[in-house]
Number of protein chains: 2
Amino acid sequence: MIDGDPQPRPDRCDEVLIALRRVMRAVDLHSRALVRSHGLTAPQALVLKEIAAAGELAVGTVAQRVSLSHATTTDIVNRLEKRDLVARTRSSNDRRRVMLRATPAAVESLRRAPPLLQESFSGRFAQLPEWEQSMLLAALQRIAALMDAERIDAAPLLAAGSVDGAEPAPEPEPEPVADNGADLVADEPPPA
Amino acid sequence: MIDGDPQPRPDRCDEVLIALRRVMRAVDLHSRALVRSHGLTAPQALVLKEIAAAGELAVGTVAQRVSLSHATTTDIVNRLEKRDLVARTRSSNDRRRVMLRATPAAVESLRRAPPLLQESFSGRFAQLPEWEQSMLLAALQRIAALMDAERIDAAPLLAAGSVDGAEPAPEPEPEPVADNGADLVADEPPPA
DNA sequence: TTGTAATGCTTCGTTCACGAAAGACAAGAT
DNA sequence: ATCTTGTCTTTCGTGAACGAAGCATTACAA
């Protein structure tokens, strides 16, 4: 800061990273504010919301929907359960699955927690013109796709970079991609 | 996902959150891949890079530059120190400050660690047409501003505001915008 | 039936990230 | 000189977030 900026051209890509980090940090700070105002962090609220909306959901399904790993989802569910906001039940037809449902207390909590990302951001966001909302969302999804992409065609990693990784780097899940809103603005020509 | 989308209109704002979460997740996964290929996570590399570039830097300065809290920075520096990648020295003229400098081993490590975000993303990103790079970066910075705005009101360093008359949206640091003639496309009207 | 996958979830160990509070130090006030 | 205040860093406690490995269960093969 202070504009001294040792590198005159910090690679654009780094700029993206930094911007991203700022956004993440902001989200995190929101989350911490959230937990003080009504006792739920953003991920908790997000997970709870999914569960409440669906009535009953398996852990894995939740994980998929909110783009988190099973492990993390389990963590979050643990905390939610400890506060009696969700109830676990093993599914009767497939006893491996653990079904989650929101307790009445949770529904109440959710009702009092309007938008996930807080008035300030969602208010600000809502005030943007429609096209800009779409644009921002699309940009985000595009970036997500760009990043996810690498673990989709993970194979050519060896050939190009060759970071002396002996591991074949097998693709873990084909799952998290898919829907990125086909209406990405990706091939709009430059307005000029 | 899977497009079934239980809620017909899940509030756009939630969509933003989810997309964000996907991006964050991707970044995190990159980081974990990075640590396997050359032993540094993304935050570690980012911090190290700043230090190496500046020669000698105080902890707080690093924290500011990478947009992390002091506590987090200390954490990361601890890990770097444990691996002999940075050396701590108390500043001689102000003994509260702890100066950091990168060891030769770190410089070496950094040299072998090409771009922070990995060939795949930065390669893909670099291949995008100029206008799109700018657009994505601008979108990200816009979102960051939208989110930061609410907790910046304490430190109005720069009152620019303007884009569409909401809050002044003061930037915490003057640095991340502008720079090399990045033509932010923020107020293009909808093409239709 | 008895193995051998495959699936779904949890546990474990690690890193990251924060705020709050404590510790170390500097600079001005009494 | 001592006290107070303010600044810089670290420690502490908490909550993410992940991969890997483990457990329980189902599904399929022999």
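We use all heavy atoms of the structure for the numbers below, so side chains are in, but hydrogens, waters and symmetry mates are not. Lettering of chains follows the sequences in order, A, B, ..., and the numbering in each one begins at 1.
Whole-Å rounding puts the Asp75(B) CG to dG15(D) C1' distance at 14 Å. Rounding to whole angstrom units, CG of residue Asn93(A) and C1' of dT7(C) are separated by 14 Å. Rounded to an integer number of Å, the gap from Leu40(A) CG to dT14(D) P is 18 Å. dC25(C) atom P lies 6 Å from atom CZ of Arg90(B), rounded to whole Å. With rounding to whole Å, His70(B) atom NE2 is found 11 Å from dC18(C) atom P. One can place CG of Asn78(A) at 7 Å from P of dT10(C), the figure rounded to the nearest angstrom. At whole-Å resolution of the value, CE in Met24(A) and P in dT15(C) are 19 Å apart. We find that CG of Leu29(A) is positioned 12 Å from P of dA17(C), with the value rounded to whole Å.
One finds a side-chain N or O of Arg83(A) lying less than 4.0 angstrom from the OP1 or OP2 phosphate oxygen of dG15(D). For the OP1/OP2 pair of dC18(C) and a distance below 4.0 Å, the side-chain nitrogens and oxygens of Thr72(B) include at least one atom meeting the criterion. The side chain of Arg95(B) contributes no N or O atom lying less than 4.0 Å from OP1 or OP2 of dA24(C). Close to dA20(D), at under 4.0 Å from its OP1 or OP2, lies no side-chain N or O of Arg32(B). Contact between the side-chain N/O atoms of Thr41(A) and the OP1/OP2 oxygens of dA16(D) is found at a separation under 4.0 Å. Distances shown here put a side-chain N or O of Arg88(B) below 4.0 Å from the OP1 or OP2 atom of dT10(D).
Take the nearest nucleotide of DNA chain D for Gly60(B) and for Asp94(A): the residue whose nucleotide is more 5' is Gly60(B). Toward the 5′ end of DNA chain C lies the nearest nucleotide of Thr61(A), the other residue of the pair Arg79(B) and Thr61(A) mapping further downstream. DNA chain D is contacted by both Ala71(B) and Ser92(A); Ala71(B) maps to the nucleotide lying nearer its 5′ end (nearest heavy atom per residue).
Expressed to the nearest 0.5 Å, how far CD1 of Ile51(B) lies from CE of Met99(B) amounts to 10.0 Å. Annotation: the span from Gln64(B) atom CD to Glu50(B) atom CD amounts to 11.5 Å, rounded to 0.5 Å. Considering CG of Leu20(A) and CD1 of Ile143(A), their distance stands at 6.5 Å, rounded to 0.5 Å.
Proximity note for Ile76(A) (side chain, C-beta onward) versus dT9(D), dC9(C), dA16(D): the nearest is dA16(D). Looking at the side chain of Arg25(B), the nearest of the listed nucleotides dC18(D), dT9(D), dC9(C) is dC18(D).
The only option from Thr73(B), Leu46(B), Leu48(B) that meets the side chain to side chain contact (heavy atoms under 4.5 Å, CB included) definition with Val62(B) turns out to be Thr73(B).
With sequence neighbours left out, Arg83(B) forms a salt bridge (Lys or Arg N to Asp or Glu O under 4.0 Å) with no residue at all.
Scanning atom types as modelled, one donor and one acceptor separated by under 3.5 angstrom connect the side chain of Arg96(A) and the base of dT7(C).
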